[in-house]
Amino acid sequence: MYSRQILSRLTTSTIRSRCFASTLVLAEQIEGGKLAPVTLNTLTAAAQLKQDIDCVIFGTEKTNETANELKKFTNCNIKKILLAENAGFKGLLSESVTPVLLDIQKKNNYTHILGGSSTFAKGVLPRLAALLDVQPISDVTAVIDKSQYSRFIYAGNAILKLKSNDPVQIITVRGTAFEAAKQGTGSGEAQIEKVNSTPNNDLSEFVSRQVQQSERPELASARIIFSGGRALKSKENFKLLYDLADLFPGQATVGASRAAVDAGYCANDLQIGQTGKIVAPDLYVAIGISGAIQHIAGMKDSKVIVAINKDADSPIFAIADYGLTGDLFKVLPELTEKLKKK
Ligand code: FAD
């Protein structure tokens, strides 16, 4: 009789925890324990599922500081923030993070696990999906309901609506498709909890990271991007773009088309497009870029697009809000001089 009561209680609580829909967001840390901007876009997507949200932060230190920052987003229904802090997470290798994440999932039975389309989440979440034997859903641009999502296909030329019947839906979201979550009022009620997180570093080892130091913002967070194409003709001429960007310190940076990258005019981490970065700044200035679909796939969500091209029939003008037909080698020095005077 006694054991039957326990069994019945256990069964009820197991069923309840399985049926209770909740979301886990993979929150990301950047230098100095700050919250990565992509996490704010991911939170907006997660909030659209309209269910309780837990967040998990992986890091080697300062996860508590990141959690306190996260707590300020009181409108997002964050109930709990899990801290997985361990010196062994150096480099945040997916091989060491995923088993810990799997453990967290086994204990909590989340119905949805979301991350941004960052290198970190794109490494960890498909690996987790494979271990849970579910289909990962990548680069989501809209949440329709708890099992249906949209994403771009054919280099952004068509939108696919997809439905998933998996018991756990593992999703990466395209940051530029969702507004960043805004801080609410009050101190936030989310509980902060440490999780047992011993990473397994047998499979791979973090050796070092080489980061290019720049005064200019990252492409993903820049408000203004001056992007150059094949027409720039040389690495030296790319300076024309840097001169323009430096007139907007902390706000503007330089991007490029693949043709410019392939020609060696700039570093390949500046490439924007289908096989480069996806950006959506307030202002995108395409300079000497023809507007191939693979390039457009990476910048078409920009708020205002300006095109400078000497060919009036160039396809870039079809998506530009403002177009200037002219030779960039004449236009850019003039523009820079005029902006300097302002
Ligand atoms: P071009 O197409 O050569 O255009 C140069 C433009 O400059 C022309 O419109 C010309 O009128 C103009 N011009 C020339 N001289 C001047 C001047 N003096 N002043 C003003 N205008 C001038 N591309 C990307 O950008 N990003 C990607 O991620 C990407 N991924 C790809 C993936 C695949 C699978 C494939 C097949 C291709 C991909 N591409 C990508 C390449 C893409 O198809 C184009 O080849 C590339 O974007 C062209 O770059 P561009 O516009 O700089 O060069």
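Side chains are part of it too, since the values below use all heavy atoms of this structure and drop only hydrogens, waters and symmetry mates. Source: prediction; values computed, not measured. In listed order, ligands and their atoms are each counted from 1.
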Between N77 and K79, a side-chain donor and acceptor under 3.5 Å: yes
- request: May I ask you to list the atoms of ligand 1 that are less than 4.0 angstrom from any heavy atom of G288?
  value: 5 (C), 6 (C), 7 (O), 21 (N), 52 (O)
- request: Let me see the working for D327 and K310 under salt bridge (charged side-chain N to carboxylate O under 4.0 Å, His left out), right down to the final yes or no.
  value: CA-CA 5 Å; D327 183 338; K310 71 175 184 187; 5.9 Å; no
field: Side-chain H-bond candidate by donor/acceptor type, Q148 with D145, under 3.5 Å
entry: yes
field: NZ or CZ of K300 within 45° of F152 ring axis and under 6.0 Å
entry: yes
task: Report the member of D311, N309, T325 with the shortest heavy-atom distance to atom 10 (C) of ligand 1.
output: N309
Closest protein heavy atom to atom 4 (O) of ligand 1, given as residue, atom name and distance to 0.1 Å: S290 CB, 3.3 Å
message: Can you tell me which portion of A292 lies within the under-4.0 Å heavy-atom range of ligand 1? Options are side chain, backbone, both, or neither.
response: side chain
- request: State plainly whether the residues D246 and R216 are in salt-bridge range, i.e. N to O under 4.0 Å.
  value: yes
task: Give the numbers and elements of all ligand 1 atoms closer than 4.0 Å to a heavy atom of Q274.
output: 27 (C), 28 (O)
- request: Could you tell me whether I293 approaches ligand 1 through its side chain, its backbone, both or neither, with non-hydrogen atoms closer than 4.0 Å?
  value: neither
query: Does a donor on one side chain and an acceptor on the other come within less than 3.5 Å for T39 and E28?
result: no
Backbone or side-chain N or O of L328 under 3.5 Å from ligand 1 N or O: yes
- prompt: Of all heavy-atom pairs between L24 and C55, which one has the smallest distance, and what is that distance?
  reply: CD1-C, 4.0 Å
field: Ionic contact status for D139 with R174, cut-off 4.0 Å
entry: yes
message: Can you name the atoms of ligand 1, numbered from 1 with element, that are less than 4.0 Å from a heavy atom of S314?
response: 9 (O)
- prompt: Given S227, G229, A231, which one has a non-hydrogen atom that is nearest to atom 22 (C) of ligand 1?
  reply: A231
task: For atom 48 (C) of ligand 1, grab the closest protein heavy atom and report residue, atom and distance to one decimal in Å.
output: A259 CB, 3.8 Å
- line: min-distance protein heavy atom vs atom 41 (C) of ligand 1 -> R258 CB, 4.2 Å
- prompt: Relative to atom 50 (P) of ligand 1, which among S257, G228, G276 owns the nearest non-hydrogen atom?
  reply: S257
- request: Heavy-atom contacts with D327 under 4.0 Å: which atoms of ligand 1 show up? List them by number with element.
  value: 17 (C), 18 (N), 19 (N)
Per atom 17 (C) of ligand 1, closest listed option by heavy atom (K310, R230, Q271, K330): K310
- request: Using distance alone, determine whether I272 and ligand 1 share an N or O pair under 3.5 Å.
  value: yes
query: To the nearest 0.5 Å, what is the distance between NZ (K163) and CD (Q169)?
result: 8.5 Å
Heavy atom of the protein closest to atom 36 (C) of ligand 1 (residue, atom name, distance): Q294 NE2, 3.8 Å
message: When you measure from the heavy atoms of G298 to every atom of ligand 1, does any distance fall below 4.0 Å?
response: no
query: In terms of side-chain geometry, is the basic nitrogen of E95 or R127 positioned less than 4.0 Å from the acidic oxygen of its partner?
result: yes
task: Take atom NZ of K235 as the centre, draw a 6.0 Å sphere, and report whether it contains more than 12 heavy atoms from other residues, nucleotides or ligands.
output: no
message: Under 4.0 Å from a heavy atom of T275: which atoms of ligand 1 are those, numbered in the order shown and with their elements?
response: 27 (C), 28 (O), 29 (C), 30 (N), 31 (C), 32 (C)
query: Near G326, which atoms of ligand 1 are under 4.0 Å from a heavy atom of that residue?
result: 19 (N), 20 (C)
- prompt: Which word best sums up how the rings of F89 and F58 line up, parallel for under 30°, tilted for 30 to 60°, or perpendicular for over 60°?
  reply: perpendicular
